[in-house]
Q: 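One structure is given below, represented as structure tokens, and several questions about it will come after.
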Amino acid sequence: MSTRSRSRPALGRAPALLLVPAGLAVLFLLLPLVALLERTPWPDLPSRLVAPDIVDALRLSFITSTLAVVLVVLIGIPLAWTLARVEFPGRALVRAFVIVPLVLPPVVGGVALLTAFGRRGLIGGPVYDATGYSLPFTTAAVVVAHAFVSLPFFVLSVEGAMRATNREYDVVAATLGATRWTTFRRVTLPLAGPGLLAGLVLAWARALGEFGATITFAGNYPGTTRTMPNAIYVALQADPDAAIVLSVILMVVSVAVLALLRERWFDPAVQGATRP
Amino acid sequence: MSDPFLDAHAVVRRPGHTLDVRLTAERGDVIAVIGPNGAGKSTLVRALAGIVPLDDGQVTCDGDIWEGDGADRLDARERRVGMVFQQELLFPHLTALANVAFGPRARGVPRRDAERTATEWLTRLGVEDLAARRPRQLSGGQAQRVSIARALATEPRLLLLDEPLSSLDVGVAMALRVELGKHLAAYDGVAVLVTHDALDAMTVANRVLVIDEGRVAQEGTPEEVAQRPRTDHVARLVGLNVLRGTSSGTTIRLSDGAVLVSATAAVGEVDACFSPTAVTLTVDEPVGSARNRWRGTITSIAPHGAAVRVHLDAASGLIADITPASAAQLRLVPGSRVWATVKATEIAVYGGG
């Protein structure tokens, strides 16, 4: 019987000294989410969902994070392929740089973006002087901030998938007369498909939740740069219930992402195939 | 005399070992490359394909310089080569048909035409009804047929087969070997077949190149190499027993004093050759007409194709291929003392006057 085998494991009982803190850890992770749901003003949830400022923030968040993912895919796939398939001096260094935004505090990322693309920034300065265009505090700046923080997630996932596929397929394709571009398009990219999808969802989720870099680089203007996390931050001071509603929405999206990735990240059988 | 169709001198230096092999072939030749693991067989094939760059030497095929001689080196995709690998390496995300059509399409053939060509090749290999399947839905033998079709569909001038049968079950390999021989005989380019199985070489090839430690140990027709191996090592590789001795009439006196009887007469220094399958092993002293007999100790037993290969310390080392059933029946293990016998009619004699 299964209960019997569970109560008398072959190696002896699991020590309470480990089990109790483990249970506390689970509680610690779960309690805030439960509290959030408990405090949610369910009866007036529908009416709050259609409140103009919430709808604006929602729409802006979905548009900017989707645009950011498009940008990330356009430059991330070539970068992932180059890291996975081209041997060049300093490759390890480039890979390290790719990971930096992953560990960089988002606020620092926002400040760094300002120093690069701001009105007096390294690149933004000359552009402003020449054209009068200033990137920060625009919707485009939100997209740039999102792309900056989510690019590493995507590149690592896709590069891992490309590394995991047999390099001999590239050799086969070459003997069949394929150029490297054809091989990339018809062999490497399709074979990296699952990793690409995982990276896409991860990058999108990261962009959706971006707060620090966005508020620093793009500000918090309703309609143009006030994304969901920014709106939560503002609402918390004036209207906590609105903040809770916004938070529940983001939580639902996060859980949906988790469900999408479940098979790839939690099934041990396929784990080796996609993880970097 | 015109230049050979394929004229290659492949020199590839790696830490610890060097490949240095000359290979020339005419249109229609099927060359078996035999050698032990690590001899450089795969390196040779990859150098010819353009995957591994040469450190020295040159490759010329059908009048075009592929590498060396001061010409620009051609990439793998610019050489007209077809390659079949030990692991079929079919693209897992494409159907069998799309796999075979990949080559023509990569070379600019419109999809419809490429698929027609692919269907033709699948039909020739007898797997046209599997066209819509993905590689994981194919058995090993079916997948290898598709991969042979894929290599031939680009109409290569040089077909390279790197141990195409060695990952297959014995029965499947046997059937495919016969068929492969048929296709290679009909193929008008040069085929190079890497194998460690002498049987492949004997059944499929018209020339054999034995490679050992990166160099050509012997080259010739399958019969020459099998029956007149130049060294003991080649003999062991191609799996033949070769005993050196002095012949007078049908009697051969071996260097260790033993006497052999053969059906063919010769005089002088000779090599007596016989196949491992001609050797009979018994535990008790044999009775009967076989006059060539040795008593020895088994030094090793290992599966060899469908048979079991037994090495004996008799004479200068004997090889016997017996069925697994008789190996089990005789309870043979390394260290067993057995009798080995060979009929006089099984012994071929070379050399002498």
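Residue numbers begin at 1 in each chain, while the letters A, B, ... track the order of the sequences.
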Q: On a heavy-atom basis, which atom in A:Val172 and which in B:Arg150 lie closest, and how many Å separate them?
A: CG1-NH2, 3.2 Å
Q: Just checking B:Asp129: does its CG atom have more than 12 heavy atoms from other residues, nucleotides or ligands closer to it than 6.0 angstrom?
A: yes
Q: Got more than 12 heavy atoms from elsewhere within 6.0 Å of CZ, A:Phe88?
A: yes
Q: Crowded around B:Glu155 CD? As in, over 12 foreign heavy atoms under 6.0 Å?
A: no
Q: Is B:Ile51 in contact with chain A via its backbone, its side chain, both, or neither, using a 4.5 Å heavy-atom distance?
A: side chain
Q: If every non-hydrogen atom of A:Thr175 is compared with every non-hydrogen atom of B:Arg107, which pair is closest and at what distance?
A: O-NH2, 3.6 Å
Q: Relative to chain B, which segment of A:Thr179 carries a heavy atom at a distance below 4.5 Å: side chain, backbone, both, or neither?
A: both
Q: State, yes or no, whether a side-chain contact exists between A:Tyr169 and B:Pro92 at a heavy-atom distance under 4.5 Å.
A: yes
Q: Using a cut-off of 6.0 Å, state whether more than 12 heavy atoms not belonging to B:Arg111 lie near its atom CZ.
A: no
Q: So for B:Leu160, is it side chain, backbone, both, or neither that comes closer than 4.5 Å to the heavy atoms of chain A?
A: neither
Q: If we define contacts as heavy-atom pairs under 4.5 Å, which of A:Val187, A:Asn166, A:Thr183 has the most with chain B?
A: A:Val187
Q: Specify which of A:Thr182, A:Leu191, A:Thr165 makes the most heavy-atom pairs with chain B at under 4.5 Å.
A: A:Leu191
Q: How long is the gap from CD on A:Glu168 to CE on B:Met83, to the nearest 0.5 Å?
A: 7.5 Å
Q: Determine the minimum heavy-atom distance between B:Ala106 and A:Leu176, stating which atoms define it.
A: CB-O, 4.0 Å
Q: Using only atom types and a distance under 3.5 Å, with no angle test, would you say the side chain of B:His93 pairs donor to acceptor with the backbone of A:Arg186?
A: yes
